[in-house]
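The structure under discussion appears below in the form of structure tokens.
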Amino acid sequence: MTPQEILDQLRANFGEAILESKLDAPQPWISVAPNRTKDICFFLRDTASLQFDYLMCLSSVDNKDKQLSVVYHVWSTTQKHKIVLKAFCPRDNAHIQSVSSVWGTADWHEREAFDMMGIVFDEHPDLRRILCPDDYPGNPLRKDFKVPEFYQGIKVPY
Amino acid sequence: MIDTLPIKTSTGRPLRKEEMVINMGPQHPSTHGVLRLEVVLDGEIVVDVIPHMGYLHRCFEKHSEHMTNYQQVIPYADRMDYLASMNNDWGYALAVERLLKIEVPPRVEYIRVIMAELQRIASHLIAVGTYGIDMGAFTPFLWCFRDRERILDLFEMTCGARLLYNYIWVGGLSHDIPPGFVDKAKAFCKYFLPNIKELNDLLTYNTIFVKRTADIGVLPADVAINYACSGPMLRGSGVSFDLRRDDPYGVYDKFEWNVEVGKGEMGTLGDCWDRYIVRVREMEQSVKIIEQALAAIPEGDVQSALPKRIRPDAGEIYVRTETPRGELGFYVISDGSATPYRVKARAPAFVNLSVMSEISRGCMIADLVAIVGSVDIVLGEVDR
Amino acid sequence: MGLLDKQFNNSNVILTSVEDLLKWARLSSLFQMQFGLACCAIEMMAASASNFDIMRFGVIPRATPRQTDLMIVAGTVTLKMATRIKRLYDQMSEPRYVISMGSCSNCGGPYWEHGYHVLKGVDRVIPVDVYVPGCPPRPEALLEGIIKLQEKIRNETLVKKSAYA
């Protein structure tokens, strides 16, 4: 299916939850509302014509306009088409609905996004830091992150 | 009524009275690196496994945002999956080349395929060797490392480094292959194929090895796809999917080779033995690809397409390549300047490890070692 | 001390000091803790394999820190791992030696500038005897590091308490 058809199907079922889209980019993307990601992803996975059953990658981005976003690259093993979804959220109240019940792999990817960028995923079964230590101050991949001087008594900078 | 203790695991699950929590800590001979497994046991049976990682988190993504040049990210990409550096370099270089919309000369494509497949053999040799030593077989480890030294000699001849090469650059290669490389590589291919047969006689069909790995850690195909497993983990469960054939890049479509899948020969489909045999057979297929590529390398200049300045237009791209562990994806966002804005590496070992708690319920501790070995993780990639 | 076999040719008795004898015993059988962290661990494994063979120097890998005298810190030390390394070092019994292998554990390596989670050198948490440079160092370089450590042990004095007690 072409990206335009996917967008039309999504618009038909979710209406105002589908925000903007850029279909002429080399990898077309569709932006969705951050509090409806789970329903939209269940639809993408379970509809017979779409069957997006493979979540290739879930990344968190700190955008230039100071919003945080999560980018989902999904692919269908049966229909062989790909689409990119994006969910934007404000910086100081970053909440996005978790899709870990749709694709099991999203569990750890979302924990990483929580660790690195500080985005809280609602309805996630176990949202803890995964890469940095549990008491590490700050979210490292934000653009305004400052490296701490000391961590548990060990000097961090060179 | 279930008796529970006031002790909880780190996920918040309360412990029952007959359970205990054991730590297979970051320093352990069988965890292939610094991985901590929190194992909830009922006697010898594993009730739950909670992996903890981050002990090798080396801030790859933060470094790539501070580099003054896209080429400078390549040594950091090398060090992510240090057993498959050529494949990592190629994944990142491919992503940036697609952002820049440049084509590389055909000689570069052929050499990249040869290096990637040699690297695949080297990585699978380590996977097989360390898997044997986890099971208690010491000899295959020494044999595999001996064969791997021959491959490292080839790499050292070309670019001077044994483990982390910084060889595949955006738009080309750092060095051309030296004279004598083609003959030495052909000699290696001839030398190596009988060694796989030797390895099969020693380890693969060995009764003890089969008993320790067959029917252990069975991963059904639909669970594998839901957890986005890739590489030998997915192919061991019977799903015939290989990015070199199904989402092609480079010149793989010019060669004749098969995609190996597990068939459940020794036990259930998708067990540890299937994943292991997929790796062994992939080594044979890689030798086939290398021989075909060596016979057909075109002439040319490998550095002619290296860009003088890398300043892609603002945009983003996600490119995936097949490394020995699975699908390595690079999501590169450019904002129009010479520094990458965001580079996200989707590591196959990270994703493959997430399925471990699903497949290891009900096994024993010794089986846990077999399962971790069959996932073939590299902590540099899991933690980035 | 002289070559031991020459001395045995003359008679079955050798004369040496207790210090030399103990030091010879220590340096000839440095049991190593299997402690590979990152890429340098692969070169350490290649050094124990048959091409370079570290076992001919008496270095055998042991899994538990209680039975080892040598810890080769091979690879990048992160902040999360630093506390565990200190703990493992404390669990080793004396005499204990540390070789820092690779530039990541020497000084932070390629991650020195922007690594927010990388410890810039393992000598910030434990005392190091020998530094082996390289990224990763060749197995021959690790062998040279071990030989240097053996020289260092040969020149030690057991009479005075060491600073690392």
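Residue numbers begin at 1 in each chain, while the letters A, B, ... track the order of the sequences.
The CZ atom of C:R26 lies 12.0 Å from the CG atom of C:L149; values are rounded to the nearest 0.5 Å. Rounding to the nearest 0.5 Å places CG of B:L118 at 10.5 Å from CG of B:N87. Rounding to the nearest 0.5 Å places OG1 of C:T16 at 6.0 Å from CG of C:L21. Between the NE2 atom in B:H32 and the CG atom in B:D376 there is a gap of 7.5 Å [rounded to 0.5 Å].
Among B:F141, B:W143, B:Y76, the residue with the largest count of heavy-atom pairs under 4.5 Å with chain C is B:Y76. For the set C:P61, C:P65, C:A49, the entry with the most heavy-atom pairs within less than 4.5 Å of chain B is C:A49. The greatest number of non-hydrogen atom pairs below 4.5 Å with chain B, out of C:V77, C:V118, C:T64, C:L79, is found for C:V118.
Side-chain N or O atoms of B:E61 include none that pairs as donor or acceptor with a backbone N or O of B:R342 at under 3.5 Å. Between the C:K80 side chain and the B:M53 main chain, a donor and an acceptor come within less than 3.5 Å of each other. Under the 3.5 Å distance criterion, the side-chain polar atoms of B:R146 are left unmatched by any main-chain donor or acceptor of C:S50. Here the side chain of C:D129 pairs a donor or acceptor atom with the backbone of C:V98 at under 3.5 angstrom.
Judged by the 6.0 Å and 45° rule, B:R79 forms no cation-pi pair with B:F60. Annotation: cation-pi pair B:R279/B:Y276 absent, no NZ/CZ under 6.0 Å from the ring centroid and within 45° of its normal.
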Show your reasoning for whether salt bridge (charged side-chain N to carboxylate O under 4.0 Å, His left out) applies to C:E156 and C:K23. CA-CA 8 Å; C:E156 259 184 352; C:K23 283 190 291 192; over 6 Å; no

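For a heavy-atom cut-off of 4.5 Å, chain B lies close to C:C135, C:P136, C:R138, C:P139 in residues 134-144 of chain C. Proximity to chain C among residues 155-163 of chain B is limited to B:E156, B:R162, B:L163, judged by heavy-atom separations below 4.5 angstrom. Close approach to chain B, defined as a heavy atom under 4.5 Å from one of its heavy atoms, is seen in no residue of residues 66-73 of chain C.
With hydrogens and angles left out, the side-chain atoms of B:Q119 and B:Y167 include no donor and acceptor closer than 3.5 Å. No hydrogens or angles considered: a donor-acceptor pair under 3.5 Å links the side chains of B:Y55 and C:R84.
Contacts between B:S85 and chain C at a heavy-atom distance below 4.5 Å are absent for every atom of the residue. Both the backbone and the side chain of C:A63 come within contact range of chain B, each with at least one heavy atom under 4.5 Å from a heavy atom of that chain. Heavy atoms of C:L37 lying under 4.5 Å from chain B belong to its backbone as well as its side chain. The contact between C:M33 and chain B is made entirely by side chain atoms (from C-beta outward), counting heavy-atom distances below 4.5 Å. Proximity to chain C is absent for every atom of B:M80, based on heavy atoms less than 4.5 angstrom apart. For B:L152, no part lies under 4.5 angstrom from a heavy atom of chain C.
Listed by chain and number, the residues in a side-chain hydrogen bond (donor to acceptor under 3.5 Å, both in side chains) with B:S64 amount to none (sequence neighbours excluded).
Looking at C:K148 and C:E151, no side-chain N of the basic residue comes within less than 4.0 Å of a carboxylate O on the acidic one, giving no salt bridge.
Taking the six-membered ring where tryptophan is involved, the planes of B:F192 and B:F188 are essentially parallel, since the angle between them stays under 30° and well short of 60°.
With ring centers used as reference points, B:H57 lies under 6.0 Å from C:Y116.
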